[in-house]
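Counting starts at 1 for both ligands and their atoms, in listed order. Basis for what follows: all heavy atoms, side chains included, without hydrogens, waters or symmetry-related copies. One is the number of the first residue; the rest follow in order along the sequence.
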Amino acid sequence: MMESVSRRSFLQHSLKVGAASALLGPDGSALANPPAFRPIVIASGNGLRAVAKAMELIKSGRSALDAVIAGVNINEDDPEDMSVGYGGLPNEDGEVELDASVMDGLTCRAGAVGGLKHIKNPSKVARMVMERTDHIFLCGEGALRFALAHGFQKENLLTEKARKAWLAWKEAMSSNDNWLNEDQAAVEGAAPNGKRVSAHDEQTLQALLRTYGTINCCAIDLKGNLAGVTTTSGLSWKIAGRLGDSPIIGAGLYVDNEVGAAGSTGRGEANIKVCGGHTVVENMRRGMTPEQACLEVLERVVKTTKEKRLLDERKRPKFNLHFYAINRQGEFGSAALWSEATFSLHDGQAAKSMASAYLFKKS
Ligand code: SD4
């Protein structure tokens, strides 16, 4: 095991049928006839609203698949979540390109879209690919045409906030090109042009950092079926056409009703190389707890990161990668490369934010 591993106890992250706390019904009262399976929903740190929505649907009898997609639709629709759907940060050309994948443990089917423009709910399109085609993965122009054929509305996904952040990034790229920020454009004696974005503006400066966001959400429903979804606008300022791990079945998401479900957020390039989602599930199949399974894959990520530019002086990755996992017994776990990462969980009683295990402690 790598240095600085914080292992939460197995029991701490375990919620089995028959656990002391009762499962509450939609009205908050204890269920008279508790279901055979304890439903559970896990998501990335930005998924508190998503796990609450998903659990509400599961308690009302809906499938895990319906529930997780409805959950992440909240983030996709929210312009303030600048890493997912509408309002997501664009690629280097200023265009929002979205990626998503879904997988259904009951039917063993999967669907995904990559580089999808103009449609704010790529998770719904991914589901449509799964259910209404003989394919698994559509990308770019073809994915858009498929979405339009199924009645999705074309929209401008670039919010003013995201456009300003992109423009500030572009203007700050070099002092040796033709894109001038407010300071560079200033003329002796003239009042500053209030319409231009200053790279020194606090909010835009934040967005100038290469940001990763994304939401992953996985669940078990009352029948014991599992499903998962991962949806994102990907790496901000990416080269047009770049796909991360989120839409790749086996990397950003994997679900198997016999074992469990896992998904990821963080640097997709690092995850694709270790087929993270699938490897986490296979680790659980071999008997690891969800948390152990996530940590083991993170160790592989460290071993497979050889690029000097990605490593600090102690050869630790400078980026973060984060896994979330549940197994069919209702146990859950999450781990990230770096400390101070959180995940969202709904155990049938309440939505809560919890600390993930990690390999390296931030100093
Ligand atoms: C990607 N994994 O495109 C996504 C981005 C992400 O938190 O998860 N950000 O690589």
- Task: Indicate yes or no: does an N/O atom of Gly268 lie under 3.5 Å from an N/O atom of ligand 1?
- Result: yes

- Item | N or O pair under 3.5 Å between Ser264 and ligand 1 | no

- Query: Can an N or O of Thr214 be found at a distance shorter than 3.5 Å from an N or O of ligand 1?
  - Reply: yes

- Would you mind running through ligand 1 and noting each atom that sits below 4.0 Å from a heavy atom of Asp245? 1 (C), 2 (N), 4 (C), 10 (O)

- Would Glu131 and Arg109 pass as an ion pair if we require N to O under 4.0 Å? no

- Which ligand 1 atoms are under 4.0 Å away from a heavy-atom of Ser246? 2 (N), 4 (C)

- Message: Quick check on contacts: which atoms of ligand 1 are under 4.0 angstrom from a heavy atom of Thr265?
- Response: 7 (O), 8 (O)

- Message: Check this for me - ligand 1, Gly266, N or O atoms closer than 3.5 angstrom, yes or no?
- Response: yes

- Pairs touching residues 243-296 that satisfy ring-ring contact (aromatic ring centres under 6.0 Å, His included), sequence neighbours left out: Tyr254-His278

- Item | Location of contacts on Asn271 toward ligand 1, heavy atoms closer than 4.0 Å | neither

- In Å and rounded to the nearest 0.5 Å, what is the CG to CG distance from Asp221 to Leu106? 8.0 Å

- Compare Glu269, Arg242, Lys238 and give the one whose heavy atom is closest to atom 10 (O) of ligand 1. Arg242

- Task: Flag yes if Leu226 and Val280 sit in one hydrophobic cluster, no otherwise; membership is Ile, Leu, Val, Met, Phe, Trp, Tyr, and two members link when side-chain heavy atoms are under 4.5 Å apart.
- Result: yes

- Specify the closest pair of heavy atoms between Asp66 and Leu57, including all atoms of both residues, with the distance to one decimal. O-CD1, 4.1 Å

- Message: Quick check on Ser83 - does any of its heavy atoms sit under 4.0 Å from an atom of ligand 1?
- Response: no

- Query: Parallel, tilted or perpendicular: which describes the rings of Trp179 and Trp166, with under 30° parallel and over 60° perpendicular?
  - Reply: perpendicular

- Item | Taking every non-hydrogen atom, the tightest pair across Pro90 and Ala162 | CD-O, 4.1 Å

- Message: Using a 4.0 Å cutoff against the non-hydrogen atoms of Leu235, which atoms of ligand 1 qualify?
- Response: 3 (O)

- Message: Go through it in stages, so that I can follow the logic: the residues are His322 and Ser44, the test is side-chain hydrogen bond (donor to acceptor under 3.5 Å, both in side chains), and I'd like the CA-CA distance, side-chain angles, deciding distance and then a yes or no.
- Response: CA-CA 8 Å; His322 201 158; Ser44 38; over 6 Å; no

- Those atoms of ligand 1 less than 4.0 Å from some heavy atom in Gly234: 3 (O)

